[in-house]
Amino acid sequence: MLITIEGIDGAGKSTQAEKAFAVLKDSFGRENVIWTREPGDWNGGNLLRKLLLDTELSHPLSELFLFLVDRCEHVFKVVVPAINEGKIVLCERYTDSTLAYQVWGRGLPLERIEDLFLWSQFPVPDLTLWLDVPLEEAIQRINSRGRLDRIESDGLEFLSRVRDGYLHLRDRFPDRIRRVDASESVDEVSCIIRQELKILLKD
Ligand code: T5A
């Protein structure tokens, strides 16, 4: 079982992932659930995360390929082994991030990137929780935390295109991608997510 959490920067993914992880651990046991994130959550991945978030890259394809390198290592070192052991994998950011940011955000071609996903045999999530928050709210949350990373510095217009991307993806895959109104309080958002998890896991 693969559950992903998506959304623009500052949507509250980490905050909610922590809460969802606690719910899943309570229901299925600590040993049966893992919480991971992209980019970088694999042995050696910190270097790549730093490169992606802190280094000036001159071409959008460099960014794309680095995210894909990161995903290959993360998927085949962490995600797939856990799925094969029957675990529930909770992952912050995954393939939809690449589509929303690199396709809608940077303007790279959708079909080519989807072909790369297929070729790479990345497992498709069973459920994607898209935390949708107004852009201004997200920017406020990011700013209140201090220093911006390279991608966060791209500004409101870029984030707006990324949000459009998530909207398109939700319309395209309505059974997999659930929109969660993330402008509510932390507890209210967590409650909605708990309901979504219940629906998924009772099958
Ligand atoms: N990227 C990633 C790509 O371009 N392509 C890809 O393929 C992939 C995988 C990763 C960057 O890389 C890009 C996307 C990203 O720009 P990241 O740091 O991993 O960067 O991801 P971010 O989205 O930037 O992580 P953030 O930590 O900024 O955002 P979160 O996790 O969505 O938000 P969170 O939980 O840290 O909360 C942010 C702040 O808001 C508060 C929190 O307390 C915190 O201060 N908050 C709330 N406040 C009020 N009400 C709520 N409901 C709140 N929920 C959280």
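Ligands are counted one by one from 1 in listed order, and the atoms in each one are counted from 1 as well.
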Exceeds 12 heavy-atom contacts within 6.0 angstrom, atom CG of Asn84: yes

Flag if over 12 foreign heavy atoms under 6.0 Å of CZ, Arg106: yes

Per-pair distances, ligand 1 N/O vs protein N/O, less than 3.5 Å:
| residue | atom | partner | partner atom | Å |
| --- | --- | --- | --- | --- |
| ligand 1 | 4 (O) | Gln102 | OE1 | 3.4 |
| ligand 1 | 4 (O) | Gln102 | NE2 | 3.0 |
| ligand 1 | 5 (N) | Gln102 | OE1 | 2.8 |
| ligand 1 | 7 (O) | Arg71 | NH2 | 3.2 |
| ligand 1 | 7 (O) | Thr98 | N | 3.4 |
| ligand 1 | 7 (O) | Thr98 | OG1 | 2.7 |
| ligand 1 | 16 (O) | Asp9 | OD1 | 3.4 |
| ligand 1 | 16 (O) | Asp9 | OD2 | 2.6 |
| ligand 1 | 18 (O) | Arg49 | NH2 | 3.0 |
| ligand 1 | 19 (O) | Arg49 | NH1 | 3.1 |
| ligand 1 | 19 (O) | Arg49 | NH2 | 3.2 |
| ligand 1 | 21 (O) | Arg93 | NE | 3.3 |
| ligand 1 | 23 (O) | Lys13 | NZ | 2.7 |
| ligand 1 | 23 (O) | Arg93 | NH2 | 2.6 |
| ligand 1 | 24 (O) | Asp9 | OD2 | 2.8 |
| ligand 1 | 24 (O) | Glu152 | OE2 | 3.0 |
| ligand 1 | 27 (O) | Arg145 | NH1 | 2.8 |
| ligand 1 | 28 (O) | Arg145 | NH1 | 2.9 |
| ligand 1 | 28 (O) | Arg145 | NH2 | 3.0 |
| ligand 1 | 28 (O) | Glu152 | OE2 | 3.2 |
| ligand 1 | 29 (O) | Gly10 | N | 3.1 |
| ligand 1 | 31 (O) | Lys13 | N | 3.4 |
| ligand 1 | 31 (O) | Ser14 | N | 2.9 |
| ligand 1 | 31 (O) | Ser14 | OG | 3.0 |
| ligand 1 | 32 (O) | Ala11 | N | 3.2 |
| ligand 1 | 32 (O) | Gly12 | N | 2.9 |
| ligand 1 | 32 (O) | Lys13 | N | 2.8 |
| ligand 1 | 32 (O) | Lys13 | NZ | 2.6 |
| ligand 1 | 33 (O) | Gly12 | N | 3.2 |
| ligand 1 | 35 (O) | Ser14 | N | 3.3 |
| ligand 1 | 35 (O) | Thr15 | N | 2.9 |
| ligand 1 | 35 (O) | Thr15 | OG1 | 2.5 |
| ligand 1 | 50 (N) | Arg141 | NH2 | 3.3 |
| ligand 1 | 52 (N) | Glu184 | O | 2.9 |
| ligand 1 | 52 (N) | Val186 | N | 3.4 |

Within residues 113-127 or reaching into it, pairs that qualify as salt bridge (Lys or Arg N to Asp or Glu O under 4.0 Å) - sequence neighbours excluded: Glu114-Arg172

Close side-chain approach of Arg71 and Tyr94, heavy atoms under 4.5 Å: yes

Side-chain touch Asp9/Tyr101, heavy atoms, less than 4.5 angstrom: yes

Glu92-Trp35 side chain donor-acceptor pair, cut-off 3.5 Å: yes

